[in-house]
Undergrad: 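Can you keep this structure in mind? I'll have questions shortly.
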2 protein chains.
Amino acid sequence: MNTYRIGELASALSCSVETLRYYEREGLLTATGRSSNGYRFYNEDAVRQLKFILRAKAMGFSLEDIRELLAIRVDPKAASCGAVRDITEHKLQWVEHKIAELQRFRDALQRMVNACCGGDVPAEHCSILLALDDQHPIPGNEEHSRD
Amino acid sequence: MNTYRIGELASALSCSVETLRYYEREGLLTATGRSSNGYRFYNEDAVRQLKFILRAKAMGFSLEDIRELLAIRVDPKAASCGAVRDITEHKLQWVEHKIAELQRFRDALQRMVNACCGGDVPAEHCSILLALDDQHPIPGNEEHSRD
DNA sequence: CTTGACCCCGTACCCTACTACAGGGTCTAT
DNA sequence: ATAGACCCTGTAGTAGGGTACGGGGTCAAG
């Protein structure tokens, strides 16, 4: 079975050597072993595990989430399929919450952009500044004003 | 004109005293002055400025953005309305970019949740773990698989 | 005159996911 | 034997937006 040194693994999967050492410190990816000179080496199982980590990251999982998923992956008989789905659903809810928050930001910003003349005129009466001062709430924004 | 001590301002606008001192260090909100005992005090202008800051934060602006907006707010004749709209549009684009990213996360997570039996069975054949291992790509996810 | 609620300053710490650097060892080619 | 590429460890720094703490001063009530 062929093995990889840390730099080879890093360039193969497009991450940095420092990241791999960091993942080791964090307990996400331990090297398969050490050569007599102390160099880390990785086998195909480690490559697959790193792919798992990177793919999970690309899905939006945090390293903490990934730590849990890896624990299940290593010993899948000890965990239920439901546990895996719980982690995923929990993340999904968090992502949906974040999306909703950003959509509120987007709508507020969009209303401000729409209301602003945006011209090369002095900003003295700029509707965006007025809206942030709440002197002149922008229509559609009333529910956020104090009474 | 009535003035407020830092704790009064903090409780009036529901932020912490530490936050106000932090904003002062960051140049966002300087106290109106200091009493003879060294205590900060704030007048109504400062209250309005803090409201501006908090409202801008609620819109998703970063403290760095707010710093720029405040500079314009202080001297609106020196800046154009277009400059204000540029900041806002820039933020809007950033927010839209973030939303799109999170929506990709959400879709990937949703596909995984849908595909998972989620039962109290061992996770050995869990479709989520398989998908993250890319042994068993979930339909709709092919564009992310390596070839 | 002491207690408790305020306030001051400066510094350190939180989180996440890295990245950088210092100071050293190892291996390969020339 | 020496350059250059690679590897090791340990520690510190980054961004953003604060929070916490230690050690002290101030002020009003009892």
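Throughout, a chain's letter reflects where its sequence line sits, starting with A, and its residues are numbered from 1.
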Undergrad: Whole-Å distance between C/dC6 P and B/Y42 OH?
TA: 16 Å
Undergrad: What is the distance, to the nearest angstrom, from the CG atom on A/L9 to the P atom on D/dC7?
TA: 10 Å
Undergrad: Under a 4.0 Å threshold between the charged nitrogen and the carboxylate oxygen, would B/R104 count as salt-bridged to B/D107?
TA: no
Undergrad: To the nearest Å, how far apart are B/L28 CG and D/dG16 P?
TA: 13 Å
Undergrad: Mind jotting down which residue pairs meet the side chain to side chain donor-acceptor pair (under 3.5 Å) criterion with at least one end in residues 76-85 of chain A? Sequence neighbours excluded, please.
TA: none
Undergrad: Treating primed atoms plus P, OP1 and OP2 as sugar-phosphate and everything else as base, which nucleotides of nucleotides 14-27 of chain C get B, S or - for protein heavy atoms under 4.0 Å?
TA: ---BBB-----BBS
Undergrad: Tell me yes or no: between the side chains of B/Q110 and B/N114, is some donor less than 3.5 Å from an acceptor?
TA: yes
Undergrad: Please report the distance, rounded to the nearest Å, between CZ in B/R67 and P in D/dG18.
TA: 12 Å
Undergrad: Using whole Å, report how far CD of A/E26 lies from C1' of D/dG10.
TA: 15 Å
Undergrad: Could you state the atom-to-atom distance from CD1 of B/I6 to C1' of D/dG18 in whole Å?
TA: 14 Å
Undergrad: Quick test of your reading of the model: are B/R34 and B/E24 salt-bridged, counting only N-O distances below 4.0 Å?
TA: yes
Undergrad: With no hydrogens and no angle check, do the side chains of B/Y4 and B/E44 hold a donor and an acceptor under 3.5 Å apart?
TA: yes
Undergrad: Regarding A/K51 and B/D133, does a basic nitrogen lie under 4.0 Å from an acidic carboxylate oxygen?
TA: no
Undergrad: Within 45° of the six-membered ring axis of B/F41 and under 6.0 Å from that ring's centre, is NZ or CZ of B/R5 located there?
TA: no
Undergrad: Taking only the side-chain nitrogens and oxygens of A/R40, find out if one of them lies under 4.0 Å from OP1 or OP2 of D/dC7.
TA: no
Undergrad: For DNA chain D, determine which residues of residues 92-100 of chain A have any heavy atom closer than 4.0 angstrom to one of its atoms, and list them numerically.
TA: none
Undergrad: Should we say atom CG of A/D120 is surrounded by more than 12 heavy atoms from elsewhere, each under 6.0 Å from it?
TA: no
Undergrad: Let me know the distance between CG of B/L13 and P of D/dG18, rounded to the nearest Å.
TA: 14 Å
